[in-house]
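Notes follow the structure.
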There are 2 protein chains.
Amino acid sequence: MQKNTRGSLIWLRLTRFTHQSNLLSNEFLKQYDLTTAQFDVLMQISTYEPLTQSELAEKVTVTQGGISRMLTRLEKEGLIVRKQEWKTKTISLTDKGRQKLDNAFEAQLAFQSSFFEECLSEEEMKTLYTLMSRVQRNSEKKELPNR
Amino acid sequence: MQKNTRGSLIWLRLTRFTHQSNLLSNEFLKQYDLTTAQFDVLMQISTYEPLTQSELAEKVTVTQGGISRMLTRLEKEGLIVRKQEWKTKTISLTDKGRQKLDNAFEAQLAFQSSFFEECLSEEEMKTLYTLMSRVQRNSEKKELPNR
DNA sequence: TTCATTCATTTGATTAGTCAAGTGAATGGG
DNA sequence: CCCATTCACTTGACTAATCAAATGAATGAA
């Protein structure tokens, strides 16, 4: 028993870090009255707007259902609008949403960066980015069943 | 606008990978009638049992409330038992739980490892592990408010 | 024209987590 | 000896996701 592979140890570090940094990030974004998930979605909308729900779901790698619920919450807060257009719904930021994102943007990026900058050199960050890009792309090409 | 830092790009890769590999892992564990979170918890219990809920919560970096709910589900499935002892509850695996874990253990570890082995060399995996250990430890020492 | 198909989105049931307030047993100071 | 505190755990309200089934609008063949 108890024969952990190197891969499984990496996997554990990754999940623990992601979980922890998510909590800290939520804590940090409280001052802007946003959550990490909301920030992520608003970022994608701001970059690609106008776009449909399905396109957005693809970008943030969440299911159709997930994005539907998330947008319902964001719409209730008045940060985005959905316009029925043909049979699809087109999503864009409201002024309020854009402003909220602008407020948080720089601080949040700096916050995210600090996790790495505090303990890695420029060179090491470059290496980590290269390795994780490979790993992430590899995971993406493994198809999920439905979708 | 749109001035992404290297740190924020790493962060994005990490979260996307973790999310994707979690989905794939859930898919994979379906054959054993387990989820990734359940596997994680059962692993920790099997390694450290008998232990209290608070100790377990610490190990899997989840709140007291979170572990309480999770254990309620696992107990309902008959995979673990909670024994009231003094004022704490001691957790251990049932035979059914131990067997389920044993069934899945090797396959799941191999599955997790494959994400990395498929696209990195031995050397690169070693590097990735070192870097992520540093990053993860760094994130852990940033205190969350309550707790 | 109408009815079946397709496509985008929504919704119900569930898992998994958070925070914060609540509960209940054991302990310790006045 | 009793009452307040502490400790371990639970619970209510919520966010965020999943899958799968339902809905609803536009299209196209009979």
Side-chain angles (χ1 to χ4, degrees), chain A residues 15-16 18-30 33-42 50-58 60-77 79-91 144-147, chain B residues 15-16 18-30 33-42 44 50-77 79-91 144-147:
Chain A
T15 47
R16 295 282 191 263
T18 304
H19 183 67
Q20 178 77 358
S21 73
N22 233 331
L23 290 182
L24 291 162
S25 173
N26 279 331
E27 187 64 27
F28 177 76
L29 284 175
K30 240 177 217 162
D33 194 32
L34 284 173
T35 67
T36 311
Q38 289 166 0
F39 181 85
D40 192 8
V41 168
L42 291 179
L51 77 175
T52 67
Q53 289 198 191
S54 331
E55 285 164 353
L56 181 56
E58 183 100 358
V60 293
T61 53
V62 150
T63 55
Q64 294 267 1
I67 214 68
S68 174
R69 286 171 211 281
M70 170 61 90
L71 291 176
T72 304
R73 285 188 293 267
L74 290 176
E75 197 166 44
K76 199 156 47 178
E77 302 265 308
L79 303 181
I80 59 127
V81 276
R82 291 192 268 196
K83 245 181 301 183
Q84 187 81 38
E85 206 159 288
W86 272 66
K87 58 180 163 181
T88 82
K89 291 197 172 174
T90 301
I91 300 147
L144 264 320
N146 58 329
R147 184 177 8 183
Chain B
T15 47
R16 295 283 191 261
T18 303
H19 181 66
Q20 178 76 357
S21 72
N22 233 331
L23 291 182
L24 291 163
S25 173
N26 279 330
E27 186 64 27
F28 178 75
L29 284 175
K30 240 178 218 164
D33 195 31
L34 285 172
T35 67
T36 311
Q38 290 166 359
F39 181 86
D40 192 8
V41 168
L42 292 179
Q44 297 299 323
L51 77 175
T52 67
Q53 289 199 189
S54 331
E55 286 165 351
L56 181 56
E58 182 101 358
K59 299 272 181 225
V60 293
T61 54
V62 149
T63 56
Q64 293 267 1
I67 213 68
S68 175
R69 285 172 211 283
M70 170 60 89
L71 291 176
T72 303
R73 284 188 294 267
L74 290 176
E75 197 165 45
K76 200 156 46 179
E77 302 265 308
L79 303 182
I80 60 129
V81 277
R82 292 191 267 197
K83 247 181 301 185
Q84 188 80 41
E85 206 159 285
W86 274 65
K87 58 180 164 181
T88 82
K89 291 199 174 175
T90 300
I91 300 145
L144 265 320
N146 58 328
R147 177 162 31 162

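Given the structure is predicted, the values throughout are model-derived calculations rather than measurements. Throughout, protein chains are lettered first and strands after them, A, B, ... in sequence-line order, and every chain is numbered starting at 1.
- Taking only side-chain atoms of Thr63(B), from C-beta outward, the nucleotide of dA16(C), dT18(C), dA17(D) with the closest atom is dT18(C).
- Distance CD (Gln20(B)) to P (dA17(D)): 14 Å, rounded to an integer number of Å.
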Scan nucleotides 10-12 of chain C against the protein and return all N/O pairs shorter than 3.5 Å with their distances rounded to 0.1 Å.
from, atom 1, to, atom 2, distance (Å)
dT10(C), OP1, Arg82(A), NH1, 3.2
dT10(C), OP1, Lys89(A), NZ, 2.9
dT10(C), OP2, Gln53(A), OE1, 3.0
dT10(C), OP2, Gln53(A), NE2, 3.0
dT10(C), OP2, Ser68(A), OG, 2.8
dT10(C), OP2, Arg82(A), NH1, 3.0
dG12(C), N7, Arg69(A), NH2, 2.9
dG12(C), O6, Arg69(A), NH2, 2.1

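- Distance alone, capped at 3.5 Å, places no donor-acceptor pair between the Thr61(A) side chain and the Glu58(A) backbone.
- Put simply, CD1 on Ile91(A) is 10 Å from C1' on dT9(C), counting in whole angstrom units.
- Rounded to a whole Å, the CZ atom of Arg73(A) is 14 Å from the C1' atom of dA13(D).
- Spacing between atom CG of Asn22(A) and atom P of dA16(C) amounts to 17 Å, rounded to whole angstrom units.
- In this model, the phosphate group of dA8(D) is not approached by any side-chain N or O of Ser54(B) to a distance below 4.0 Å at OP1 or OP2.
- Applying the side chain to side chain contact (heavy atoms under 4.5 Å, CB included) rule to Thr35(A) yields the partners Asn26(A), Ala37(A), Gln38(A); only residues at least two apart in sequence or on another chain are considered.
- When side chains are defined from C-beta on, Arg16(B) counts as touching Val60(A), because their heavy atoms get closer than 4.5 Å.
- Within the structure, a side-chain polar atom (N or O) of Thr35(A) is placed less than 4.0 Å from OP1 or OP2 of dA16(D).
- Atom CD in Glu75(B) sits about 15 Å away from atom P in dT15(C), given to the nearest Å.
- Exactly one residue among Ile91(A), Val81(A), Ile80(A) makes a side chain to side chain contact (heavy atoms under 4.5 Å, CB included) with Leu74(A). That residue is Ile80(A).
- Remark: Glu55(A) CD to Thr90(A) OG1 distance equals 8.5 Å, nearest 0.5 Å.
- Side chains of Arg82(A) and Thr72(A): a donor on one and an acceptor on the other come within 3.5 Å.
- Atoms CG (Leu29(B)) and C1' (dT15(C)) sit 14 Å apart, rounded to a whole Å.
- In this structure, His19(B) does not reach the dA16(D) phosphate: none of its side-chain N or O atoms is under 4.0 Å from OP1 or OP2.
- When rounded to the nearest whole Å, the span between CE of Met70(A) and P of dT18(D) equals 10 Å.
- Counting only heavy atoms from C-beta outward, the side chains of Leu56(B) and Leu71(B) approach each other to under 4.5 Å.
- Atom-to-atom, CG of Leu23(B) to P of dT15(C) comes out at 17 Å; the value is rounded to the nearest Å.
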